[in-house]
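One-based numbering, in listed order, for ligands and for the atoms of each.
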Amino acid sequence: MPKPKRVAIGIDLGTSKCCVAVVQDGRVEIIENERGNKTTPSYVAFTDTERLVGEEARNQATLNPTNTCYAIKRIMGCRYGDPCVRKFEKNVGFQLQGKTFGNPQVCVKYKNKHQKLTAEQLTAMLLTKMKETAERHLGCKVTDAVLSVPASFGSAQRQATMDAGEIAGINVLALINEPTAAAVAYTANRTVTTEEEILVVDFGGGKLEASHIRVKNRCVTVRSVCGSVTLGGFDIDNLLVEYFLKEFEQKHKVNLSAKPKAVVRLQIACEKLKRNLSLLPDASVVIENLSGDIDYTIAMTRDKFNSIYGNIIDYFLAALQKRMPAMERFARVLFVGGSTRLPLLEERLTKICKGNSPAKCVNADEAVACGAAVQAALLAGDNSLQELEVNDVVPY
Ligand SMILES: Nc1ncnc2c1ncn2[C@@H]1O[C@H](COP(=O)(O)OP(=O)(O)OP(=O)(O)O)[C@@H](O)[C@H]1O
Ligand SMILES: [Mg+2]
């Protein structure tokens, strides 16, 4: 009788989206969800009749804003009284509760009953979805996984991620730092014979961080890490939301900030405006019936947009230069994460790296999951892969 297959998967557990990958016959493969998408929105929603995860949850967010949870990674391992949790609470449509030194709890109504859920429980629902996505594709049970975390996560946030894995019935083989995972994905497919100093910049929905990594032969060594888990695309969207809430109040004498439905609709429109501004010098998005029968158009030039969030980039680049002087040494800059599509980051970073512009040699949306899958396969003893050594600065 053939032995049942035992596979280990890699999950990129992002603030905005999740992505799952697996190594099969020596090749890394991103696993599509049941809708044929390679990434799944990090959304969980509760209704009178069911619990929704992924696209289905995101698609009904504006209709059910108080019971649709997103960006939960931002509060993993945090205390309710932490400044970042208080700020988060103001920016989302759902409610949080908790004691100052206790964990925040998310309050939702599910099947007509009030429920309180921890960040770990909500994250476990996302992990279960990703595990099931892998099981459907592979046709076998999956329990072993490597989960990704920001390099800048502290020990409480890492523990919360491990706990979420346990709640989801996953045997967490290891956590892998997200920039490291991208470097692993970069190295797995090639043989670098000379020593190469690379800078991985990961700018996602919830964080902006960079790792200095040395790649030699089949060895990936992290030299240093710099960044923040409280600055990401989500925060840029919220700067835009604040701007347009003020503009709306000035024009229409209505304060929308206490209306979750309006705020969530504005958030979605601002995210769209931001993406359009990555491509165009100016852009606009119409929101129908934002308040009563008022149709509201949000419009902005890229220059104005840059002036609104530019200090996030400057703050990061100043910290980066302090932590990693002599930026011109980097033979390669790898860009990972959706927010690296913002032209301002590339523009300003290229100047600092003396013209060494970021390479598009890894897929910005998939590299972290691929690296996590390679690490999972190595830990599970998959001998279809070439040996690869990974030395990280935070060996959790
Ligand atoms: N074209 C674009 N221009 C600007 N921002 C973009 C673009 N495309 C996607 N984004 C932003 O990228 C972010 C999502 O990136 P990504 O999917 O890498 O995040 P994540 O991995 O879920 O989060 P994290 O790694 O921070 O936990 C969102 O804030 C999204 O608005
Ligand atoms: Mg990410």
Side-chain angles (χ1 to χ4, degrees), residues 10-21 30 37-43 54-55 58 70-77 84 88 91 119 123 126-127 130 147-153 157-158 160-161 164 175-183 185 200-211 227-241 267-280 283 285 300 302 305-306 308-310 312-313 316 334-347 360 362-372:
I11 301 177
D12 171 4
L13 186 52
T15 309
S16 310
K17 58 101 185 66
C18 294
C19 183
V20 58
I30 295 287
N37 295 326
K38 292 184 169 177
T39 61
T40 298
S42 303
Y43 275 68
E55 281 97 349
R58 190 181 57 184
Y70 52 94
I72 291 299
K73 184 173 170 183
R74 178 54 66 82
I75 56 167
M76 285 287 272
C84 70
F88 178 79
N91 290 327
T123 301
L126 294 172
L127 288 173
M130 301 319 288
L147 310 182
S148 78
V149 286
S152 325
F153 254 15
Q157 293 155 310
R158 288 170 194 268
T161 308
L175 299 177
I176 187 166
N177 289 332
E178 284 154 10
T180 311
V200 180
V201 178
D202 186 346
F203 194 5
K207 56 112 206 292
L208 170 53
E209 62 183 4
S211 292
S228 158
V229 279
T230 55
L231 295 177
F234 176 67
D235 305 278
I236 296 176
D237 300 345
N238 289 327
L239 289 175
L240 288 176
V241 169
Q267 228 163 22
I268 290 171
C270 285
E271 203 257 347
K272 198 167 165 191
L273 183 76
K274 173 183 77 173
R275 283 173 187 249
N276 292 344
L277 286 169
S278 291
L279 298 169
L280 305 165
V285 175
M300 197 171 270
R302 188 190 281 171
F305 175 51
N306 288 350
I308 290 177
Y309 81 95
I312 291 185
I313 306 278
F316 166 71
L334 301 187
F335 260 11
V336 187
S339 301
T340 54
R341 297 188 179 97
L342 290 164
L344 193 63
L345 176 68
E346 180 163 349
E347 229 170 74
K360 309 274 189 290
V362 290
N363 182 310
D365 301 313
E366 299 168 8
V368 170
C370 289

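Salt bridge absent: D365 and K17 never bring a charged side-chain N and a carboxylate O closer than 4.0 Å. Residues E178 and K73 are paired through a salt bridge, judged by an N-O separation under 4.0 Å between the basic side chain and the carboxylate. Looking at R341 and E346, no side-chain N of the basic residue comes within less than 4.0 Å of a carboxylate O on the acidic one, giving no salt bridge.
Within 4.0 Å of ligand 1, protein heavy atoms belong to G14, T15, S16, K17, K73, E178, G204, G205, G206, K207, G233, F234, E271, K274, R275, S278, G337, G338, S339, R341, L342, listed by chain and number.
Classification of the F234-F88 ring pair by plane angle, with boundaries at 30° and 60°, yields tilted.
Using a 4.5 Å heavy-atom cutoff, the side chains of F203 and L231 are not in contact.
A side-chain donor-acceptor contact under 3.5 Å links R158 and N177.
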